[in-house]
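Notes follow the structure.
Everything numeric here is computed off the predicted structure, so don't read it as measured data.
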Amino acid sequence: MAKTRACGTKRKDSEPHEGTPKRFRPSFTDTITVLAGEDEATFTIHKDTVCQRSTYFRSACKPEWQDGQADKSIPLPEVQPGTFKLYAHWAYTGEIDLGVIDVKQEDGDTADESRSVVESEKQREDWYQRARRLMELHIAADFLGDDKLKDRTIDTLTSLVGHRRRLHGIAKLLPYVWNETSSGSGLRVLLLDYVMTLHDGATFLKSIQQRLPAEFFTDLALAQLASYPGGRKDRMPLPARRRYYYDSR
């Protein structure tokens, strides 16, 4: 029989309610050094901050993996310094801020969002860099085991497509994503949907076919087969469809 509290006795503030999970309280005294990229750019970050978000860091910070490492350094050649800088900002704030690495966040011509707007070469490069950095961050989040960030990068990418109704630099983005991701990646699905909405898609793909891996054309063929009957006219990767591109879908 469960014990009951005597009538009139107050529960101490420090005494948890039965069944209440303990709240995570991060320590801001224990730090680790992350050596990002092949040049080993140094980042000092609080261990608990990254461990609560990343399964990779939780494993890397286990005592059995750090025996004999007095400096608590973790090599991370797979993630470039700029991308890890974005990740560190996310780990502390829960926000994606491309301004951290000097990538423009907002368009200067938000008043005109039509496809006919005259775009300067610099604007196209800015929009390409934004998409590229988001994809790099998504791929890093996958490597680091941060599913929440993966979903957030998809949210931001679909918002970007929704704003411009296009992805600039798609000819460079496609080979990059297929070389850095595995089959079934939500990021691949997003790009396949985008490519299949292009009115001149066949001509465009023919012009860059030498730059694309064979696996891309296999994935495209399977996606096209899955889309019939009915085609893909409604499959522009917009915010309303963002959950379709989550790897947890």
Side-chain angles (χ1 to χ4, degrees), residues 12-103 105 130 132-160 180-182 184-187 190 239 242-249:
K12 294 180 181 179
D13 290 340
S14 59
E15 184 178 348
H17 291 272
E18 185 177 353
T20 303
K22 292 182 180 179
R23 185 177 180 181
F24 174 76
R25 297 182 181 278
S27 167
F28 291 102
T29 58
D30 199 2
T31 61
I32 56 174
T33 299
V34 177
L35 307 175
E38 294 181 359
D39 293 334
E40 297 190 338
T42 302
F43 294 85
T44 300
I45 193 167
H46 292 98
K47 182 179 75 172
D48 285 353
T49 299
V50 290
C51 286
Q52 67 176 321
R53 293 192 181 275
S54 162
T55 59
Y56 176 90
F57 281 112
R58 285 200 289 276
S59 295
C61 290
K62 287 181 178 179
E64 58 266 33
W65 290 103
Q66 292 196 330
D67 286 345
Q69 296 186 35
D71 60 351
K72 297 182 182 178
S73 62
I74 299 176
L76 195 62
E78 298 85 356
V79 179
Q80 294 305 306
T83 304
F84 190 78
K85 191 173 183 179
L86 287 175
Y87 185 78
H89 181 82
W90 156 263
Y92 280 103
T93 68
E95 299 294 335
I96 297 173
D97 182 1
L98 298 180
V100 169
I101 55 172
D102 298 324
V103 174
Q105 283 278 87
R130 199 179 316 171
R132 172 68 181 241
R133 295 301 187 183
L134 287 168
M135 292 180 186
E136 290 172 350
L137 186 58
H138 179 93
I139 291 166
D142 183 54
F143 180 81
L144 296 173
D146 189 334
D147 291 339
K148 188 172 182 179
L149 178 56
K150 286 171 66 180
D151 292 348
R152 186 68 67 85
T153 55
I154 291 294
D155 293 348
T156 311
L157 278 166
T158 55
S159 293
L160 180 64
E180 297 294 332
T181 61
S182 56
S185 161
L187 191 54
L190 185 155
R242 64 187 185 279
R243 295 183 184 278
Y244 180 73
Y245 307 116
Y246 292 173
D247 282 344
S248 59
R249 66 194 183 280

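- Residues meeting the side chain to side chain contact (heavy atoms under 4.5 Å, CB included) test with P77, sequence neighbours left out: P75.
- The two atoms that bring A36 and F43 nearest to each other are CB-CE1, 3.8 Å, heavy atoms only.
- The closest donor-acceptor contact from the side chain of H138 to the backbone of K150 lies under 3.5 Å.
- Applying the salt bridge (Lys or Arg N to Asp or Glu O under 4.0 Å) criterion to D151, with sequence neighbours excluded, gives no partner residue.
- Across all non-hydrogen atoms, the minimal contact from D247 to S185 is OD1-C, 3.6 Å.
- Of the possible donor and acceptor atoms, one in the side chain of R53 sits under 3.5 Å from a partner among the backbone N and O of A91.
- We find the NZ-CG distance between K85 and D97 to be 10.5 Å, quoted to the nearest 0.5 Å.
- In plain terms, the two heavy atoms of I101 and G82 that are nearest each other are CG2-O, 3.4 Å.
- Minimum interatomic distance between C61 and I74 (heavy atoms only, all atoms of both residues): SG-CD1, 4.0 Å.
- The two residues T42 and T33 come nearest to each other via the heavy atoms CG2-CG2, 3.5 Å.
- Within the 4.5 Å cutoff, the side chain of D147 has no heavy atoms near those of the T55 side chain.
- Counting heavy atoms from C-beta outward, D146 and V50 have side chains that stay 4.5 Å or more apart.
- Residue T153 holds its OG1 atom at 9.5 Å from CD1 of I139, rounded to the nearest 0.5 Å.
- Here Q80 pairs with T83 under the side chain to side chain contact (heavy atoms under 4.5 Å, CB included) rule; sequence neighbours left out.
- R152 places no side-chain N or O within 3.5 Å of a backbone atom of L149 that could act as its donor or acceptor partner.
- Separating the CG atom in D30 from the CG atom in D48 is a distance of 7.0 Å, to the nearest 0.5 Å.
- Taking CG of L187 as the start and OH of Y246 as the end, the distance is 13.5 Å to the nearest 0.5 Å.
- Residues satisfying the side chain to side chain contact (heavy atoms under 4.5 Å, CB included) test with T93, not counting sequence neighbours, are H89, E95.
- I32 places a side-chain heavy atom less than 4.5 Å from the side chain of F57.
- Every residue two or more places apart in sequence or in another chain that forms a salt bridge (Lys or Arg N to Asp or Glu O under 4.0 Å) with E136 is listed here: R132, R133.
- Of the possible donor and acceptor atoms, one in the side chain of S54 sits under 3.5 Å from a partner among the backbone N and O of L144.
- Side-chain contact between T181 and D142 is absent, with no heavy atoms from C-beta onward closer than 4.5 Å.
- In terms of heavy-atom proximity, F84 sits nearest to V79 at N-CG1, 3.8 Å.
- In terms of modelled atom types and a separation under 3.5 Å, the side chain of Y92 and the main chain of H46 share a donor-acceptor contact.
- For E78, the side chain to side chain contact (heavy atoms under 4.5 Å, CB included) partners at least two apart in sequence or on another chain are L76, F143.
- The closest side-chain heavy-atom distance from W90 to L137 is not below 4.5 Å.
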